[in-house]
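Below, read A as the first sequence line, B as the second, and so on, with proteins coming before strands; counting in each chain starts at 1. Scope of the values below: all heavy atoms of this structure, side chains included, with no hydrogens, waters or symmetry mates.
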Amino acid sequence: MPAAPLGGSWRLSGRLWPTLRDPPADAEAVSHVLMVRAGLVRQLAAGLYTVLPMGLRVLRRVEAIVRQEMEAIGAQEIVMPLLHPAEIWEATGRYPLDEQFRLEDRGGRAMVLGMTHEEIITWHAAREIQSYRDLPQSWWQMHTKLRDEPRPKSGMLRVREFVMKDSYSLDRDEAGLERSYAAHSEAYARIFDRCGIAWHLVESDVGMMGGLGAHEFMAPSPAGEDVIARCPACDYAANVELATSVPIEPDFGATPAEPEPFDTPGIGTIAELSAFTDLPPARHAKSVVVVTDGGPVLALVRGEHQVHDTKLAREVGPHRPAHEEEIRGWFGADPGSLGPVGLDGVRVVADHSLAIGHYVTGANRDGVHLRGVVLGRDFAAATADLREVLPGEACAGCGTPLVLEPVIEIGNIFKLGTRYSAALGAGYLDADGHEQDIIMGSYGIGPARVAAAAIEQGHDEAGIIWPRAIAPFDVHLVLIGAPGSEAAGYADRLYDELSERGLEVLYDDRVHTKPGEKFVEAELLGCPLRVTVGKRTLPHGPLEVQVRRGREQREIALGAAANALRELWSSQA
RNA sequence: CGGGACGUGGCGCAGGCUGGUAGCGCACCUGCUUUGGGAGCAGGGGGUCGCCGGUUCAAAUCCGGCCGUCCCGACCA
């Protein structure tokens with residue numbers, strides 16, 4: 001049987017299916033171009049898309065797979081409002097988030113459009129869950145989220161309004177959370193496998209969700225906004241926001257007894273400095289100045305590394321880059337000659353890698369640097385993981401060089417713990433009669449992103465190549481011949497026979513469309529099999545079949561053609 | 001939010017410097033021909049040139065402001 005039969009078969013004539021010959025001017029991402037050209041979606045405004053009938057079929061198939069796998073782990077489907085009273089969000093401190101759409105009702109009551117539903121789920125849990133006997137629970141919905149994104153982009157990959165499958169687990173204790181978390185993780189793995197998408201499970205930052213830990217499901221694609229570091233040998237994989245590695249150590253030579261100043265006229269960047277000193281970038285320490293609520297912070301990484309903002313934020317909290325005037329005031333020098341030695345009133349945080357070796361740093365005097373600077377001896381600093389992993393650095397687990405690759409985030413899972421239940425009073429009485437906070441988890445999938453990722457991973461110059469499970473149709477049947485012709489009669493019968501065998505068929509029975517146009521549009525849409533029925537091969541056959549992936553031509557005998565097509569369909573990815 | 005680009009029939013674009021009654025391709029309508037890879041010929045319909053203001057006898061074109069969309073950097077299904 002088809003993976004997710006849903007919409008039934010269609011005759012194409014009279015349907016809304018507007019395809020475009022040219023790529024839209026404002027589309028860049030492959031999935032964006034193809035979704036618009038193939039008549040799946042139309043843009044209303046930045047980050048807002050209308051899903052057309054053909055696109056909706058794809059989403060429905062993804063959703064059906066998600067729904068089956070949610071049912072399979074015992075999660076229960078509900079639907080929550082999109083419009084929320086603001087005070088629920090105030091209770092968890094997330095009301096001021098920039099992504100929140102805010103509005104008032106006619107009575108002046110502050111409301112928000114839901115960007116996610118942790119608060120609402122927890123609010124209900126606080127009322128419906130009384131006893132440890134009521135736990136565990138998993139509740140989920142397939143519903144719209146609204147986010148005032150700073151920058152919608154790449155078509156359906158980053159939008160302001162989208163449907164999310166979001167589920168929430170409620171448990172008595174952390175062991176229960178671990179079970180719910182694992183159940184969701186395994187369900188997600190099945191979902192993405194069934195959708196025919198290549199993916200990696202990676203460790204991730206908890207971000208705005210907060211909580212105890214998180215993972216993301218990442219689909220490799222050049223169009224991706226995230227980057228993961230992955231070990232080809234063991235199973236280590238993490239978002240670069242979190243990834244660690246063993247850096248490649250330079251040869252430090254002997255450590256000088258004390259820092260030695262030297263003139264570096266006009267030197268500003270690590271590259272210039274490295275050329276000037278004839279030492280590799282790894283022998284230098286890079287100074288990055290940010291401003292936090294608690295004042296200026298100097299972040300130090302080795303010259304070949306970049307400070308990763310999320311990592312720095314975990315250490316020092318929210319921050320912004322310092323202005324040049326501020327830097328002059330604190331350091332007495334311009335950016336380019338900054339360093340940690342002899343600093344007063346500036347907190348210094350160094351990457352772990354600086355604990356070994358001695359380094360060239362700025363001397364906090366314009367045009368002067370120090371060589372032989374040693375952490376702990378010449379300056380004091382906390383060490384932390386601040387740097388972004390570089391490709392080729394060793395996996396901390398097994399030593400194999402890591403690979404970095406761009407990815408699309410298609411799903412995520414969070415161990416929330418008690419952050420929301422504590423804030424909203426969602427507790428239960430345990431077996432001893434003690435009040436406990438519910439331990440929560442939250443789990444999201446964006447079906448439209450799954451579809452977009454499938455296109456990013458499956459396309460050629462002619463158009464989309466859908467994985468069979470989420471293609472809009474299983475078979476694209478192209479009739480070449482007028483109504484009443486022998487070809488039309490045969491195509492009508494084949495349409496019925498294929499449909500009876502559980503295949504969903506798009507029957508291109510349009511009368512005023514040229515054969516060439518039908519072929520081109522079929523390849524643009526990208527269903528797994530295209531069958532052509534025309535007088536060229538009738539009445540004796542064979543049927544011409546094109547396998548979309550690779551555009552390979554096959555011939556199928558007329559007798560038992562429907563069964564043969566079903567077999568061929570079953571063999572597709 | 002910082003930086004860049006672009007807004008001209010449904011779609012893709014030209015015109016703009018050098019102001020003078022808006023053009024091309026596709027799509028659409030009618031007719032004939034055509035019917036296996038986005039058909040041919042003929043005829044036809046459709047645009048306050050993003051908006052507001054300014055300069056000018058005259059503005060798609062020059063100037064100013066605003067709005068919108070996309071791309072690059074800081075944020076997330």
Side-chain angles (χ1 to χ4, degrees), chain A residues 18-29 32-33 36-37 39 42-48 62 66 97-99 115-117 142-167 188 204-209 214 216-219 224-226 239 241 290 307-310 312-313 318-321 408-414 442-453 462-463 478-482 485 487 510-524 530 532-538 544 546 551:
Chain A
T19 61
L20 261 40
R21 185 188 296 241
D22 299 314
D26 55 6
E28 190 119 325
H32 187 192
V33 170
V36 174
R37 283 193 61 212
R42 285 293 182 265
Q43 182 172 16
L44 175 66
L48 297 173
V62 175
V66 170
L97 289 180
D98 289 336
E99 289 77 17
M115 50 186 283
T116 174
H117 281 80
M142 185 80 68
H143 210 9
T144 302
K145 302 283 178 269
L146 292 127
R147 296 183 185 178
D148 196 358
E149 288 288 342
R151 180 148 101 87
K153 58 179 287 201
S154 304
M156 301 297 285
L157 285 177
R158 174 154 225 81
V159 295
R160 293 192 289 178
E161 176 180 323
F162 60 100
V163 171
M164 189 198 292
K165 189 291 297 179
D166 47 322
S167 36
Y188 277 29
S204 69
D205 189 62
V206 295
M208 71 169 177
M209 292 300 180
E216 291 164 326
F217 289 79
M218 299 295 211
E225 296 182 90
D226 286 283
N239 194 310
E241 294 172 353
V290 299
V307 173
H308 195 286
D309 225 47
T310 307
L312 183 58
H319 58 271
R320 61 165 173 86
I408 298 165
E409 182 184 358
I410 50 176
N412 59 25
I413 53 181
F414 294 91
S442 106
Y443 316 89
I445 290 179
R449 247 197 205 177
V450 170
V478 174
L479 165 65
I480 297 167
S485 65
R510 292 175 297 179
V511 175
H512 299 291
T513 308
K514 313 295 292 182
E517 194 172 344
K518 291 187 177 186
F519 294 139
V520 167
E521 288 188 336
E523 282 161 23
L524 183 57
R530 187 189 77 198
T532 306
V533 174
K535 68 181 178 201
R536 178 186 282 182
T537 61
L538 287 177
E544 295 159 87
Q546 186 206 57
R551 290 202 267 182

Side chain of [X] - closest among [options]:
{"X": "A:V520", "options": "B:C76, B:U69, B:G38", "value": "B:G38"}
{"X": "A:D26", "options": "B:G37, B:U35, B:U69", "value": "B:U69"}
{"X": "A:E28", "options": "B:G37, B:G12, B:C71", "value": "B:C71"}
{"X": "A:T537", "options": "B:A77, B:G36, B:U69", "value": "B:G36"}
{"X": "A:D22", "options": "B:G12, B:A77, B:C70", "value": "B:G12"}

Could you give the distance separating [M] and [N] at their [atom1] atoms, to the nearest angstrom?
{"N": "B:G23", "M": "B:A60", "atom1": "C1'", "result": "12 Å"}
{"N": "B:G19", "M": "B:C63", "atom1": "C1'", "result": "13 Å"}
{"N": "B:G53", "M": "B:A22", "atom1": "C1'", "result": "23 Å"}
{"N": "B:G16", "M": "B:U61", "atom1": "C1'", "result": "4 Å"}
{"N": "B:U21", "M": "B:G47", "atom1": "C1'", "result": "14 Å"}
{"N": "B:U35", "M": "B:A77", "atom1": "C1'", "result": "47 Å"}
{"N": "B:C41", "M": "B:C26", "atom1": "P", "result": "9 Å"}
{"N": "B:A59", "M": "B:G64", "atom1": "C1'", "result": "15 Å"}

- Using the closest heavy atom to pick a nucleotide of RNA chain B for each, name whichever of A:V511 or A:E161 lands nearer the 5' end.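 Nearest-nucleotide comparison on RNA chain B picks A:V511.
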
- Select from A:I480 and A:R158 the residue whose nearest nucleotide in RNA chain B is closer to the 5' end of that strand.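 Checking each residue's closest nucleotide, the 5'-ward one belongs to A:I480.
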
[X] (side chain) and [N] (base): donor-acceptor pair under 3.5 Å:
{"X": "A:E521", "N": "B:G38", "result": "yes"}
{"X": "A:R21", "N": "B:C26", "result": "no"}
{"X": "A:R37", "N": "B:G12", "result": "no"}

- Item | Those residues that, when tested against A:F217, pass ring pair (Phe, Tyr, Trp, His ring centres under 6.0 Å) (two or more places apart) |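 With sequence neighbours excluded, A:F217 shows a ring pair (Phe, Tyr, Trp, His ring centres under 6.0 Å) to A:Y188, A:F192, A:W199, given in chain and number order.
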
What contact category does [X] fall into here, base, sugar-phosphate, or nothing, at under 4.0 angstrom with non-hydrogen atoms?
{"X": "A:P23", "value": "sugar-phosphate"}
{"X": "A:V163", "value": "nothing"}
{"X": "A:A448", "value": "nothing"}
{"X": "A:E544", "value": "base"}
{"X": "A:R530", "value": "base"}
{"X": "A:T532", "value": "base"}
{"X": "A:G534", "value": "base"}
{"X": "A:D226", "value": "base"}
{"X": "A:L20", "value": "base"}

Just jot down the side-chain contact (heavy atoms from CB on, under 4.5 Å) partners of [X], sequence neighbours excluded, or say none.
{"X": "A:P321", "result": "none"}
{"X": "A:R151", "result": "A:K153"}
{"X": "A:R21", "result": "none"}
{"X": "A:V36", "result": "A:L20, A:P24, A:H32, A:V41, A:R42"}

- A correct 5'-to-3' footprint of nucleotides 1-10 of chain B, with B, S and - meaning base, sugar-phosphate only and no protein heavy atom under 4.0 Å, is B---------

Could you check how far [atom1] of [X] sits from [atom2] of [N], rounded to whole Å?
{"X": "A:M115", "N": "B:A77", "atom1": "CE", "atom2": "P", "value": "9 Å"}
{"X": "A:K153", "N": "B:C70", "atom1": "NZ", "atom2": "P", "value": "12 Å"}
{"X": "A:I408", "N": "B:A77", "atom1": "CD1", "atom2": "C1'", "value": "12 Å"}

- Message: Quick one, A:V159 and A:R449 - any side-chain contact, counting heavy atoms below 4.5 Å?
- Response: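 No - every pair of side-chain heavy atoms lies 4.5 Å or more apart.
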
Measure across [X] and [Y] and return the closest heavy-atom pair with its distance rounded to 0.1 Å.
{"X": "A:M164", "Y": "A:G444", "result": "SD-CA, 4.1 Å"}
{"X": "A:G534", "Y": "A:A487", "result": "CA-CB, 3.9 Å"}
{"X": "A:P152", "Y": "A:G47", "result": "CB-CA, 3.6 Å"}
{"X": "A:E241", "Y": "A:D226", "result": "OE2-OD1, 4.4 Å"}
{"X": "A:P447", "Y": "A:V163", "result": "CD-O, 3.3 Å"}

[atom1]/[X] to [atom2]/[Y] distance, rounded to the nearest 0.5 angstrom?
{"X": "A:D166", "Y": "A:Y443", "atom1": "CG", "atom2": "OH", "answer": "12.5 Å"}
{"X": "A:M218", "Y": "A:N412", "atom1": "CE", "atom2": "CG", "answer": "8.5 Å"}
{"X": "A:L157", "Y": "A:I408", "atom1": "CG", "atom2": "CD1", "answer": "5.0 Å"}

Strand partner of [N], provided both Watson-Crick or wobble distances fall under 3.5 Å:
{"N": "B:G2", "result": "B:C72"}
{"N": "B:G31", "result": "B:C41"}
{"N": "B:C66", "result": "B:G50"}
{"N": "B:G25", "result": "B:C11"}

- Taking only residues two or more places apart in sequence or in another chain, which ones pass side chain to side chain donor-acceptor pair (under 3.5 Å) with A:E225?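 Side chain to side chain donor-acceptor pair (under 3.5 Å) check on A:E225 returns A:R158.
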
- Which residues satisfy the side chain to side chain donor-acceptor pair (under 3.5 Å) test with A:H319, sequence neighbours excluded?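 Expected list: A:D309.
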
- Message: Is the base of B:G36 stacked against the aromatic ring of A:F519, taking ring centres under 5.5 Å apart and planes under 30° as the test?
- Response: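 Not stacked by the 5.5 Å and 30° rule.
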
Please enumerate all protein N or O atoms sitting under 3.5 Å from an N or O of nucleotides 40-47 of chain B, with distances to 0.1 Å.
none

Below 3.5 Å is the cut-off: list the nitrogen or oxygen pairs between protein and nucleotides 28-31 of chain B, distance only.
none

Enumerate all atom pairs, one protein N or O and one N or O from nucleotides 22-24 of chain B, separated by less than 3.5 Å.
none

Show which side-chain atoms of residues 513-522 of chain A pair as donor or acceptor with protein atoms under 3.5 Å away, not counting sequence neighbours.
from, atom 1, to, atom 2, distance (Å)
A:K518, NZ, A:L479, O, 2.8
A:K518, NZ, A:D508, O, 3.2
A:K518, NZ, A:R510, O, 2.8
A:E521, OE1, A:R510, NH1, 3.1
A:E521, OE1, A:R510, NH2, 2.7
A:E521, OE2, A:T19, OG1, 2.6

- Would a distance-only check, ignoring hydrogens and angles, find a side-chain to backbone donor-acceptor pair under 3.5 Å from A:R160 to A:L48?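 A pair under 3.5 Å: no.
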
- Taking only N and O in the side chain of A:Q546, is any of them less than 4.0 Å away from OP1 or OP2 of B:G37?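 Result: no.
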
